[in-house]
Asks: 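Got a structure here, written out as C-alpha cells. Questions coming.
Within every chain, numbering begins at 1; the chains are lettered A, B, ... in the order of the sequence lines, protein sequences first and strands thereafter.
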2 protein chains.
Amino acid sequence: MKNTIRVERAILNISQAELAERVQVTRQTINAIELGKYSPSAVLAIKIARVFGKKMEDVFELEEGD
Amino acid sequence: MKNTIRVERAILNISQAELAERVQVTRQTINAIELGKYSPSAVLAIKIARVFGKKMEDVFELEEGD
DNA sequence: ACTTTAAGTAAAATATATTTTACACAATGG
DNA sequence: CCATTGTGTAAAATATATTTTACTTAAAGT
C-alpha cells in the first residue's frame with residue numbers, strides 16, 4: 001500500500017502530529033503508515049483522505065503483494 | 001463502517017464464497033464484513049470495491065463512532 | 001549554547017482483523 | 001428423500017494494526 005500522505009501534508013503544511021490529532025490516532029501511527037510500515041484500516045484511510053479533501057484511492061494505492 | 005456489498009453482489013450475481021475467492025480471503029471474512037461485524041483493512045476494502053467496478057467510498061461509508 | 005519542533009525508531013502491550021475448522025439452517029433441484 | 005448451495009455463526013489460533021512510553025537526531029529560532 002503506497003500513499004501520498006507526505007505530499008498532501010506538505011500542501012496543507014501540517015505535521016504528522018497534527019494529522020494524527022485530526023484523525024484521532026497517535027503520531028506514531030501516522031508515521032508508520034506514511035513510511036509504508038503497514039497499511040491502515042479502511043476507516044482510518046478514509047479519515048486521512050478526508051483531511052486532504054480527496055478520495056481514499058487518490059491518497060492510497062495498492063502495490064505488488066497487496 | 002456501512003457497506004453495500006450485498007447489493008453489489010446481487011448485481012453481479014455472485015455468492016459470498018465467490019467474492020471471497022476473487023479478493024483472496026475466506027468466506028467468513030466476507031460474511032463478517034458484509035454484516036458489519038468489523039471493518040476491513042484498507043487493502044481489502046479497495047480490492048472488494050474493484051470487483052464491483054466502484055470506488056472504495058461508493059461501497060464503504062463511515063458511520064457514527066467510526 | 002539553549003530550546004523547541006518535527007521526524008524516525010523501538011519494544012511491549014492491547015485491540016482488531018483474518019483464518020481455520022466446524023456446525024446449523026433454509027431453499028432448491030435431483 | 002437426498003445432495004447441494006448459500007448463508008449465519010462460533011471458538012480458538014494467528015496475523016496485523018494501534019497505543020504507550022521513551023529515546024534519538026536534525027533543523028530552526030532565540
Asks: Report yes if at least one side-chain N or O of Ser41(A) is closer than 4.0 Å to OP1 or OP2 of dT18(D); otherwise report no.
Replies: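 Yes, within the criterion.
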Asks: Hey, are Glu34(A) and Arg9(A) close enough for a salt bridge, meaning a charged N less than 4.0 Å from a carboxylate O?
Replies: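 Looking at Glu34(A) and Arg9(A), the cut-off is met.
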Asks: Want to settle it: does Arg9(B) or Ile33(A) sit nearer the 5' end of DNA chain D, counting the closest nucleotide to each?
Replies: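 Nearest nucleotide further toward 5': that of Arg9(B).
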Asks: Treating Asn3(A) as the side-chain partner and Glu61(A) as the backbone partner, does any N or O pair qualify as donor plus acceptor under 3.5 Å?
Replies: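 Checked: no pair found.
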Asks: Does one hydrophobic cluster hold both Tyr38(A) and Leu62(A), with members joined at side-chain heavy-atom distances below 4.5 Å?
Replies: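 In one cluster: yes.
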Asks: Output yes when at least one side-chain N/O atom of Ser39(A) is less than 4.0 Å from OP1 or OP2 of dA17(D), else no.
Replies: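 Yes, within the criterion.
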Asks: Measure CD1/Ile48(B) against C1'/dT18(C) and give the value in whole Å, please.
Replies: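 After rounding, the reported distance stands at 12 Å.
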Asks: Looking at Asn31(A), does any N or O in its side chain come under 4.0 Å of the phosphate oxygens OP1/OP2 on dA7(C)?
Replies: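 No.
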Asks: Figure out the CD/P separation between Glu34(A) and dT18(D), and round it to whole Å.
Replies: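 Distance, rounded to whole Å: 15 Å.
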Asks: Please determine whether a side-chain nitrogen or oxygen atom of Lys37(A) lies at a distance below 4.0 Å from atom OP1 or OP2 of dT9(C).
Replies: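 So the side chain of Lys37(A) is within the cut-off, an N or O lying under 4.0 Å from OP1 or OP2 of dT9(C).
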Asks: If you compare every side-chain N and O of Arg27(A) against the phosphate oxygens of dT20(D) (OP1, OP2), does one of them come in below 4.0 Å?
Replies: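 So the side chain of Arg27(A) is outside the cut-off, no N or O lying under 4.0 Å from OP1 or OP2 of dT20(D).
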Asks: Between Gln16(A) and dG8(C), is there a contact of a side-chain N or O with OP1 or OP2 at under 4.0 Å?
Replies: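 Answer is yes, contact under 4.0 Å.
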Asks: Between dT9(D), dT19(C), dG8(C), which nucleotide has the shortest distance from any of its atoms to the side chain of Arg6(A)?
Replies: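 Nearest listed nucleotide: dG8(C).
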Asks: Would you say a side-chain N or O of Thr26(A) is under 4.0 Å from OP1 or OP2 of dT19(D)?
Replies: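 Looking at the OP1 and OP2 atoms of dT19(D), one of them is under 4.0 Å from a side-chain N or O of Thr26(A).
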Asks: Quick one: label Ser15(B) by what it contacts on the DNA or RNA (base, sugar-phosphate, nothing), any heavy atom closer than 4.0 Å.
Replies: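 Contact class for Ser15(B): sugar-phosphate only.
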Asks: What is the distance, rounded to the nearest whole Å, between atom NZ of Lys47(A) and atom P of dA17(D)?
Replies: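 Rounded to whole Å, this separation is 17 Å.
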Asks: Whole Å only: how far is the CG atom of Leu19(A) from the C1' atom of dA6(C)?
Replies: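 The distance from CG of Leu19(A) to C1' of dA6(C) comes to 14 Å, rounded to the nearest Å.
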Asks: For the pair made of OH in Tyr38(B) and P in dT19(C), what is the distance, rounded to whole Å?
Replies: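 About 7 Å, once rounded to whole Å.
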Asks: Could you report the tightest heavy-atom contact between Asp58(B) and Lys55(A), atom names first, then the distance?
Replies: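 Shortest heavy-atom separation between Asp58(B) and Lys55(A) comes out as OD1-NZ, 4.1 Å.
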Asks: Whole angstroms only, please: what is the CD-P distance between Gln28(B) and dT14(D)?
Replies: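 Roughly 17 Å, once rounded to whole Å.
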Asks: Could you state the CD-C1' distance from Gln24(B) to dA17(C), rounded to the nearest angstrom?
Replies: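 It is 17 Å, rounded to the nearest whole Å.
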Asks: Is a side-chain donor or acceptor of Thr4(B) paired with a backbone partner of Val7(B) at a separation under 3.5 angstrom?
Replies: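 Answer holds: no.
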Asks: Taking atom P of dT5(C) as reference, at what distance in whole Å does atom CG of Asn13(A) sit?
Replies: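 After rounding, the gap between these two atoms is 15 Å.
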